[in-house]
Structure formats: structure tokens, C-alpha cells
**Q** 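One structure follows; several queries about it will come next.
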Amino acid sequence: MAEQKIIDYAEGVESVQNQVRSCVATRQSFSVLNVDFGKQSTVVDIIEKAIEDAGLSCRVRMANRGWAVAALSFATLGTGAVAAAAIAGHDLATINPDYEVIKEMVGSNVAAVYQK
């Protein structure tokens, strides 16, 4: 398996955009680290746009979401079941993506894993 590229958000948004486009063009997995608080969605948008511009598909998900659903199910029986159904629906709608984009629940790093 190829080594995953590390992109440092501290280098600036333009640098992140260029590096993400380069990784996607070569079908490389990568992580964007040191993302400023509140900027995780911006990074996900940059990654999604690069993937879609390359004619590829992606699935965006939260890391360890299964644990979150289990905890929610235990605490609030009905809400957890609805959340689990929504996750299953999302997974079916984005079946067999080229990239899986994974957001951290705690922290703000984002990883993009090439699946094919």
C-alpha cells in the first residue's frame, strides 16, 4: 500500500487546494492536519470539489460514527435507531466511492482514503 501524504493546513488554503488536487490526480490517499478550529467543513469542501472535478465519487463520514450511534441508541432508544437508518441510507447512496473522506469527531483533521 502506498504511503499516505500529509498536508499541513498551516501552509495556507491555496497550498492545501493545490496539494489536494495533486493527490487526487494521482489517486493518492492523504490527510490534512493542523486544521484550524471551525475550518473542518472548509477542508472537506476543498477535498470534495477536487474529487468531483476529477470525475470521481466520494463518501464523507465521521470517524467512529458507529460508536456515536451506539451511545445515542443506549441513551435515547428511538433517536439512535433513526440515526442508524440515516447512516445506512447514506452508505447505500454513496456505494462504492472512489474516495472516503473521514472527519474526526474530536479534533479537526480530515483524511481522504483512495478506495480502488
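Quantities reported herein were computed from a predicted structural model and do not represent experimental measurements. Hydrogens, waters and symmetry mates are skipped; everything else that's a heavy atom, side chains included, is used.
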**Q** Does the side chain of Glu11 reach to within under 4.5 Å of the side chain of Asn34, using non-hydrogen atoms?
**A** no
**Q** My understanding is that only one of Val60, Val43, Ile46 makes a side-chain contact (heavy atoms from CB on, under 4.5 Å) with Val110; could you say which?
**A** Val43
**Q** Could you tell me whether the side chain of Leu33 reaches within less than 4.5 Å of the side chain of Asp8, counting heavy atoms only?
**A** no
**Q** Counting C-beta onward and ignoring hydrogens, is there a side-chain heavy-atom pair between Val24 and Asp53 closer than 4.5 Å?
**A** no
**Q** Nearest 0.5 angstrom please: Ile102 CD1 to Arg59 CZ, how far?
**A** 10.0 Å
**Q** How far does SG of Cys58 sit from CD of Glu48, to the nearest 0.5 angstrom?
**A** 4.5 Å
**Q** Are any of the side-chain heavy atoms of Asn18 and Glu14 separated by less than 4.5 Å?
**A** yes
**Q** Heavy atoms only: give me the nearest Pro97-Ser57 pair and the separation to one decimal.
**A** CA-OG, 3.3 Å
**Q** Decide yes or no for Ile47 and Phe30: does some side-chain heavy atom of the first lie under 4.5 Å from some side-chain heavy atom of the second?
**A** yes
**Q** Could you measure the distance from the CG atom of Asn109 to the CD atom of Gln40? Nearest 0.5 Å is fine.
**A** 8.0 Å
**Q** Answer yes or no: is there a side-chain heavy-atom contact under 4.5 Å between Val113 and Gln115?
**A** yes
**Q** So do Val20 and Lys49 actually touch side chain to side chain, heavy atoms under 4.5 Å?
**A** no
**Q** Ile6 and Gln19: which non-hydrogen atoms are nearest, and at how many Å?
**A** O-OE1, 4.4 Å
**Q** Over all heavy atoms of both residues, which pair between Lys5 and Cys23 is shortest? Give the atoms and the distance, please.
**A** CD-SG, 3.4 Å
**Q** Applying ring pair (Phe, Tyr, Trp, His ring centres under 6.0 Å) as the test, list every pair that has at least one member in residues 95-116; sequence neighbours left out.
**A** Tyr99-Tyr114
**Q** Check whether Ser108 reaches the backbone of Glu104 with its side chain - one donor and one acceptor, N or O, closer than 3.5 Å.
**A** no
